[in-house]
Amino acid sequence: MYKIEKSLHLPSIDKEILAFWAEQDVFAKSVNQRSEDNSFVFYEGPPSANGKPGIHHVMARAIKDIFCRYQTMKGKRVERKGGWDTHGLPIELAVEKELGITKEDIGKSISVDEYNAKCKETVMRYKDLWDDLTIKMGYWVDLENPYVTYENEYIESVWWLLSQMYNKGLLYKGLTIQPYSPAAGTGLSSHELNMPGAYQDVKDTSAVAMFKVTKNETSDFLFDDADEDVRIIAWTTTPWTLPSNTALTVGPKIKYVKIKTNNVYTNLPVSVVMAEDLVSKWFGGKKQHEILAKSDTFIGKQLDGVRYEQLLAFGNEIEELNGKTDAFRIVLGNFVTTESGTGIVHTAPSFGADDRKVGAENGIGALTLVDKQGKFKDSVGPFSNRYVKNYKDEEDYVDVNVDISIYLKQNNQAFNVAKYAHNYPHCWRTDKPILYYPLDSWFVKAASVKERMYELNKTINWKPASTGTGRFGKWLENLQDWNLSRTRYWGVPLPIWRTKVNEDAGEVAQDKCIGSIEELQKEIDKANAALGKNQAVPKDLHRPYIDDIVLVTDDGEPMYRELDLIDVWFDSGSMPYAQWHYPFENQDKFKTNFPADFIAEGVDQTRGWFYTLHAIATMVFDQVAFKNVVSNGLVLDKFGKKMSKRWGNAVEPFEALETHGADANRWYMISASQPWDNLKYDIDGVVETRNKFFGTLFNTYKFYAGYANIDNFKYSEKNVPLEERPQIDQWILSLLNSLIKDVNQDYADYEPTAATRKIQSFVMDHLSNWYVRLCRRRFWKGEYSQDKIAAYQTLYTCMEAISKLMAPVAPFFADWLYKNLNEVSKQEKHISVHLASFPRVSHVAINKDLEQRMEYAQRISSLVLSLRKKESLRVRQPLQKILLPVLDAAFSQQVDGVKDLILAEVNVKDIEYVTDTSGIVKKSIKPNFKTLGRILGKNMKAAIPLINKLGQEDIAQIEADNSYKLSIDGQGYELTLADFVISAEDIPGWLVANDGDLTVALDITLTDDLKAEGMARELVNRIQNARKTKDFNVTDRIKVALEKHDLVTAAVASFGDYIKNEVLADDLTLVETVAGGEVIELPEEVSLGMLVELN
RNA sequence: CCUGAAGUGGCGCAAUGGUUAGCGCACUUGCCUGAUAAGCAGGAGGUUGAUGGUUCGAGUCCAUCCUUUAGGACCA
């Protein structure tokens, strides 16, 4: 017996199927049953389990799951090793917050050992939640043997990769100005700075400071007289960098002027120097300075070497830059523009990349008056020990930038102070503004291989393509070196040991990069021998244990580990190798699992995981790491707003799954918009998907199962040959095979949205709404004949194929359907649809002629129903005939093939074909734009009215001769029938409707006989309704008594047997009054009593 | 500032350069139903973001602009 559920409840199906999968270990079987020689390689981008999963993870993982399941059904072995991203700043910060400590406390109030233990404990905090989501959403990934980035084996593989790069000369150490987060206590990489949300709009206090020019030979041209107070003005949005100013940079070709004015704050006369282009920005407006006099212009080059007095002098020693400390003078820089500010750049080489560069070139020295915690050192006068931004969330924080500005104003050093709104980078974890800071770091020379990375990228199939060529390709073209260093504790230690030397004295350090535990052991042995130590390889490769290891150079010089960790993004980019502990183990496994055929993540990973995978594979293996990549968009709320906890519009994934089921969510997400478009997640859409698609399919099954159980159909008979099945069967099977072909291609092309939309349309529009509706009688009427068996087989075939086509997207319902069918029919040996093969196309079953014929049937039926509606003729009232104008023999042949379907559908007795020779069909003619456009070109416009004007005789002539001579502006054209669209438009005197080239006319004359039959059908309907409300069994026999009425009497007299047959009545009697029955309403305002009883 | 994506009835989405721009939801009228949480027929609802251009013909191609969104550059 087929299982029948009263109503559809997807969450219950989820649970049932999950239990079945677990019990039978279906996932493992789906992998193991496929040959290792025929694999489809998928890489799982590791999530971090220290945050809770959201609804967008359901979306992203559904995409991964779909193609893995599809490829499995295509016979591929798709191993899906799960993984966990376990290192990195988010975890460290979470731990710090929990313990109530800051970075400075680590190694003091808490040992690194204890701290890291705590990180390790925290990192898997929500693993259970993640695993639960993975299971509940039906995402198949190997959770038993995941790779974990903190494990020694994983770290060893990462070390190996680093050593490969080191040996290729791709690693180097350098001091650079880098984005640095004082709040997090670490430098940030450029891709971290480029994370969404890193740049935030903020209002900062900006200041234009006045730097007093020293009068000497170089600056003499700036002075009109000896007492003139000449100042260079420069703008900054970070006044805290002003104490560290050591130079001013001007553009060599930019034109500058000197303007005499009175300072608005002090009212003292002053002459300021600035770019001419920007004068109007600072002068002449409300509350702005007044121009008292303006000098001739001079170019920036003339200012080169002009000296000025230090703005904020607190007696700090100038640090050397390129061996020199010649500070407080004007230098030249090409990066200076006149787009904003004053055209003169305040230069603090410790806090800006450009500043550093220009400072080093000119040997101007540097002042680094801010420490790594983001606060002034204790030698900065009134500003000593104050945080330059509110890094500590102090409630009573007073902005030191404001105080600096006030100080400048009071000391006649400020030209302008104002709030300025701009975009400033913030640390993606702490949400605090970053600052640029000189840091010693290890870099990967990514820029040196960017051409190769660019070339290899061209071989990758990106979905969508624009992400690959645009966002990713452009990024590769302008690639910067990759800053690997992180001065933190919980992560992969940099496996580089280095001698301690005095670099200032010109000594050069030696270093060594360790690529394996074995190598480390050898080096330790060597060091132990040389230094008389008793060191061993630590059991745990993390800090602090690894930090204690001292190695030696070949000369016996001690080398100490570079204390940095490496960027976590390197961890995840290493997963193709490290997940297998390559090259130390699993060499074969790796070879068959590299590169990946397919990966998928959010588009935000373009510069994250997608990049690190690509970079490492290119640099170490000179290969791509993945061949196909789907980058999916964001999941937004129904209004198109980003989901966030702060807005309270985040959808709770577990709730969504439990309310409507995993499949409805998955199907909705995939069918509503393409994966790479942002999805506006609307719960109403999920409900609609559930009702429309799953509801319809469920009911189709329920219908089938109900009657198949009655007839005991188990698909035990041989297949009825296709040509012996009625054409409606052939038709739906033709459509089905067309569908299989299309959907297979869509999945293969990573186009899941197209696949779901096609499946959906087939199920709802064709299978349910046409095939089943028209075939209902075949299932419940009459003997267990070949026709009935054909109907069962056909519907079965469709549903089984649908279960397979939909299985990648809706794995639960698909399996439920497949199992329900197959467990009774035993057609296939598989216990689950996910072990079955994707359906093959039967090309012989595809019959486009037939598909067109059925389309005619559907359209003609629609037209007739629409005519009935217009005349208020209910469908139960039979009509005599339809007139159908025929344009060519093929058409009438096509329609004749589906005549019975049409007649039954619209309740009409006959179709009469009207050929044009009868002369009663009026035709219309229109130009065929496609062909005529090519022939006529510019004369097209003139031709349209000429053609529309053609009369019935002209049309007949064109049809007869297959040619027509058209002349426009004296130019003649030889046209053929194909250049026109001729259609029957009207049959004068009849009720006519058109749809495109189709035209039907309806005979609405009602004879007594037709009226009686109409009434008979009304009676059938009322009696059937009675059966239904009385809850009779579908097979119960009944007897019926009706009150006498003229109209009813005629109907019973002529169609009594028909009525009895339809409603399974043994007895149908007309009586004067009915006792205990019901009153029924019939057309023409007849109402009478009726009694329906079991017989 | 630059780049990509998008802009089509109230909402969500379609439409190889070709006749009257379709479908679903929601609204509304009627119908059908011994599978349907459905379906059918009708009604109302559109200057396809704007302006130019190419073309016989533009929702579609080009240019400029506007808006949304995601990135990039810069941020002295």
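Residue numbers begin at 1 in each chain, while the letters A, B, ... track the order of the sequences.
- For residues 754-772 of chain A, the pairs satisfying salt bridge (Lys or Arg N to Asp or Glu O under 4.0 Å) are A:D746-A:K758, with sequence neighbours left out.
- Among the heavy atoms of the strands lying under 4.0 Å from A:Y707 are primed sugar atoms or P, OP1, OP2 only; no base atom is included.
- Looking at RNA chain B, the stems built from 3 or more consecutive Watson-Crick or G-U wobble pairs, each pair with its key distances under 3.5 Å, are B:1-7 with B:66-72, B:10-13 with B:22-25, B:27-31 with B:39-43, B:49-53 with B:61-65.
- Ion pairing between a basic and an acidic side chain is recognised when a charged N comes within 4.0 Å of a carboxylate O; A:E1062 and A:R1017 show no such pairing.
- Counting only distance, with no hydrogens or angles, the side chain of A:N245 and the backbone of A:H346 share no donor-acceptor pair below 3.5 Å.
- The side chain of A:K680 has B:G12 as its nearest neighbour among B:G12, B:U19, B:A76.
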Would you list the protein and nucleotides 1-7 of chain B atom pairs, both N or O, that sit under 3.5 Å from each other?
| from | atom 1 | to | atom 2 | distance (Å) |
| --- | --- | --- | --- | --- |
| B:G4 | O2' | A:S466 | OG | 3.3 |

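- Checked against B:A37, B:G18, B:A35, the side chain of A:R690 finds its nearest nucleotide in B:A37.
- Taking side-chain N and O atoms only, A:K702 has no distance below 4.0 Å to OP1 or OP2 of B:A35.
- Here, B:U64 and B:A41 have their P atoms 46 Å apart, quoted to the whole Å.
- OP1 or OP2 of B:A76 has at least one side-chain nitrogen or oxygen of A:T237 nearer than 4.0 Å.
- Taking the six-membered ring where the residue is Trp, the centroids of A:F610 and A:W462 are separated by under 6.0 Å.
- Aromatic pair A:Y180/A:Y437: centroids less than 6.0 angstrom apart.
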List every contact pair, protein side and nucleotides 22-26 of chain B side both N or O, where the distance is under 3.5 Å.
| from | atom 1 | to | atom 2 | distance (Å) |
| --- | --- | --- | --- | --- |
| B:G24 | O3' | A:K692 | NZ | 2.4 |
| B:G24 | O2' | A:E688 | OE2 | 2.7 |
| B:C25 | OP1 | A:K692 | NZ | 2.3 |

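- For RNA chain B, the neighbouring residues in residues 768-776 of chain A, judged by any heavy atom under 4.0 Å, are A:S768, A:N769, A:V772, A:R773, A:R776.
- A:R868 comes within 4.0 angstrom of nothing in the nucleic acid, heavy atoms only.
- For residues 687-711 of chain A, the pairs satisfying salt bridge (Lys or Arg N to Asp or Glu O under 4.0 Å) are A:D711-A:K788, with sequence neighbours left out.
- Residue-level contact check: A:I344 touches neither bases nor backbone, having no heavy atom under 4.0 Å from any strand.
- For A:Y707 and A:Y792, the gap between ring centers reaches or exceeds 6.0 Å.
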